[in-house]
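Data block below; observations after.
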Amino acid sequence: MRPNLRTTLLLGLVLLLNACTSQRPKYVIGVSQCSEDIWRDKLNNELKIGTYFHDDVELRFASADDSDEKQIEQIHQFVRDGIDLLIVAPNQVATVSPAIDEVFDKGIPVIVFDRKTNSQKFTAYIGADNFEMGRLMGEYIATQLKGTGRVLEIMGLKGSSPAIERHNGFENALKAYPNITLVASLQGDWTEESAVKAIKDYQGDLNNIDFVFGQNDRMAVGASKALSQPDTKYCGIDGLPGEGNGIDCVRDSLLDASYIYPTHGDEVLQLAMNILEGKPYQKDNPLMAALVTKDNANVLLMQNEEMVRQGNNLNQLHERSDAYLKQLDNQQIVLVLAIAFIFLLLVLMIITYRYHLQKARIAEERNKMEREQLDFYTQVSHELRTPLTLIEGPLSQLAETKDLQQAGAEASGLFAIIQRNTHQLTQLINKMLTVQATGSIDDLNASHQESALIESTTKTTEAEQSLTDSLSTVLIVDDNADIRAYLRTILQDKYQVNEAANGQQGLAIANEIVPDLIVSDVMMPVMNGLEFCQRIKSGTATSHIPVILLTARALSQHQIEGYESGADAYITKPFSADLLLARIGNLLKSRFVLKTLFVQEHNKDYEKASNTPQTIIKEDAFLLKFHDYIEKNLSDSDLSVETIGAELGLSRVQLYRKMKALTGQSPVELLRSARLQKGRELLQSTDKNVSEIAYEVGFTAPSYFTKCFKDEFGVSPSDL
């Protein structure tokens, strides 16, 4: 086996085996959470659902459990493992920011969500406006207290951006209400227990508190347990659904209100994909939030239950899809192994095939050499046979002249020697070319064929000869001027002769004059004889013209090519003038017989004729088209030869010459005859009068119809 084939086969096998290995996803996204709670579990789940629509994404999660040091190390580990984008919720503003800046400086896109940093080194931010949420909750409490009362605030983790911003927004709102006292802003860490501890550890006066604002729902619930004051109202932020969460607490009146802090994990993932795929995106992406009160808590819970149900269905579908994909992977492994086995079998088959292919290539090269030899000998044949034709033909003509017959014995003997040796040279060249080109002598018995054809042709009666030849036009197409001149001397006494120097020129002349017969060489420049013959036979105006190929290409395969191109006869050079005349006479006679038959049958009784013109028409596609068209338009008195010719793709002259060649009648005569035949049929099969029928078949005057009818059928229409 050749080295390049072995390399190709090994490469193919490696590619097949690689199909079994798992591919690294296109994008790896690290998600760094500051803590682990219900809100973040919901966001993580939404991120996972978002990946269902992006098969080339892998999410890697890490939770810092409220530890700055742990989150910093997790971020560094993400970078070491290799990620394409970081999604991060910083535990605290100042502490974690440097680690995030390092990621950004390495060229890795960073999305900050939920919480902010104290740096601008991030690609995009997405999350709710914590300042606005704190302000809105302050406005809500002030409205509920009607501008007067005592308020307590429980803050989130110290140093975290949501705790700072919510406090600032809450404090900003209360400034507009001087009769509302912010008793204290106690420090928690987002957990329920931290709120209980903060209240118990507070040394100030917490009696008669009207409203408690917990910066999240859990701390608000913890405050309600620690204070235990029946008239105190509580509100928080997060508005999570589910048992024991914010919306449930509002519905059950444990909380007076909450504010939905949106997660929207699907939007976070879509923002990440826009960045990774180079699509347009906004750097600041605020998420919309809503206030939850007892009035809308039930509706929100119902909506959430439906969303949870749909999410569960989606998860189940995804799990099933994963199972199917795993099953498919296993099947693919089996399939790849089977393909590898088949591949090895194919290797053996290819080796065997290449062996036979090499043998075939050798045979093809041998055939190519033989074809090249054949082309060479064909060219040589053409170059030798043409001058031999111009020697042997004129010698034959000279032998029949009176001067040579009256010449002395010495001159006659010399002429006989020349003629005999020319004939021997022709026979020698024929045998040499045939043996060299085919490897065997192919005796075509040309002389016997010529004699038989000449003898059969001479039996044609003088009357037929005069009818067929008197007006016949022959077109000679040959690039050799001497051959054209010689053929003209042979044909000019019997036919009107036209000449062309190549196939293209001959085609133009044939379409113009529409000759009765064409004699053409095969090997010519511009357009060879085979293409010329095909164009003649495919042309509407010329398809009926007999074509004789007169050429030096004498082998049987050459003759097959000639007949396949549409030739009616094939004569090899050097040729006998009598043979050529005989072939021309026979072909013209065949055309004459067809025309005569058409005229004779046309003149017979329409109903009794055994071989009517319609039978002849069916044997010729052009006549059939002509007949069908005039049959459909007989009633049109304006139907003209020009109209018919345009329909058939011919000029008036071309149509006239073609119809005369095929039928012996002009298009006008055939149109009038068809109208009269139709009129006769209507007279015999309908009750219409002569005038009605005359107009129906396209005559403009009934009297002219009557005259033509009597001339055609020998009886008056009224007699029928």
Side-chain angles (χ1 to χ4, degrees), residues 1-16 339-389 425-446 478-480 502-504 520-535 537-538 547 549-567 569-575:
M1 187 186 301
R2 294 180 180 178
N4 59 345
L5 179 59
R6 286 198 299 270
T7 303
T8 302
L9 295 176
L10 289 173
L11 179 61
L13 186 58
V14 169
L15 291 174
L16 286 173
I339 291 175
F341 177 72
I342 295 172
F343 186 77
L344 293 175
L345 292 179
L346 286 175
V347 171
L348 297 177
M349 294 175 62
I350 289 173
I351 295 173
T352 305
Y353 171 74
R354 285 179 62 84
Y355 169 73
H356 291 290
L357 187 64
Q358 191 167 4
K359 288 181 62 178
R361 187 180 296 111
I362 294 172
E364 182 180 353
E365 290 176 355
R366 185 185 299 113
N367 291 335
K368 181 180 179 182
M369 291 176 61
E370 291 176 355
R371 287 195 301 270
E372 290 175 351
Q373 285 181 336
L374 178 60
D375 292 340
F376 170 75
Y377 287 115
T378 298
Q379 186 65 36
V380 171
S381 173
H382 183 269
E383 296 299 326
L384 291 176
R385 289 176 184 271
T386 297
L388 280 174
T389 299
L425 179 61
T426 301
Q427 295 298 321
L428 179 62
I429 290 173
N430 285 343
K431 290 181 179 180
M432 180 188 69
L433 293 177
T434 304
V435 170
Q436 291 292 338
T438 64
S440 63
I441 298 177
D442 183 15
D443 184 7
L444 300 176
N445 295 319
D478 199 302
D479 61 317
N480 190 301
N502 56 61
Q504 183 174 319
S520 175
D521 190 14
V522 173
M523 299 178 67
M524 296 183 294
V526 185
M527 181 189 293
N528 64 46
L530 297 178
E531 183 182 354
F532 168 69
C533 185
Q534 291 171 351
R535 298 279 289 272
K537 292 299 182 179
S538 62
V547 178
L549 291 181
L550 186 63
T551 178
R553 292 158 53 96
L555 299 179
S556 59
Q557 55 263 48
H558 293 151
Q559 297 184 40
I560 292 171
E561 289 178 1
Y563 286 120
E564 286 179 346
S565 69
Y570 195 96
I571 300 177
T572 58
K573 297 176 182 178
F575 58 89

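None of the values given here were measured: they were computed from a predicted structure.
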Taking every heavy atom of Leu550 against every heavy atom of Lys573, the minimum-distance pair comes out as O-CE, 3.7 Å
Taking side chain as C-beta onward, heavy atoms only, is Leu348 less than 4.5 Å from Thr352? no
Over all heavy atoms of both residues, which pair between Cys533 and Ala567 is shortest? Give the atoms and the distance, please. SG-N, 3.4 Å
Separation between OG1 (Thr572) and CG (Leu549), nearest 0.5 Å, reads 11.5 Å
Asn528 CG to Gln534 CD distance, which is reported to the nearest 0.5 Å: 8.0 Å
Note, Ser565 side chain near Val547 side chain (heavy atom, < 4.5 Å): no
Looking at CG of Leu357 and CD1 of Ile350, how far apart are the two atoms once the value is rounded to the nearest 0.5 Å? 11.5 Å
Can you tell me if Gln504 has over 12 outside heavy atoms packed within less than 6.0 Å of its CD? no
Count the heavy atoms of every other residue, nucleotide or ligand shown that sit under 6.0 Å from OH of Tyr353, and state whether that count exceeds 12. no
Could you tell me whether Glu531 and Arg535 make a salt bridge, using a distance below 4.0 angstrom between a side-chain N and a carboxylate O? yes
Please report the interatomic distance NZ(Lys359) to NE2(His356), rounded to the nearest 0.5 Å. 6.5 Å
Return the minimal non-hydrogen interatomic distance between Gly503 and Phe532, and the atom names on each side. O-CD1, 3.2 Å
Side chain proximity check, Asp479 to Asn502, heavy atoms < 4.5 angstrom: no
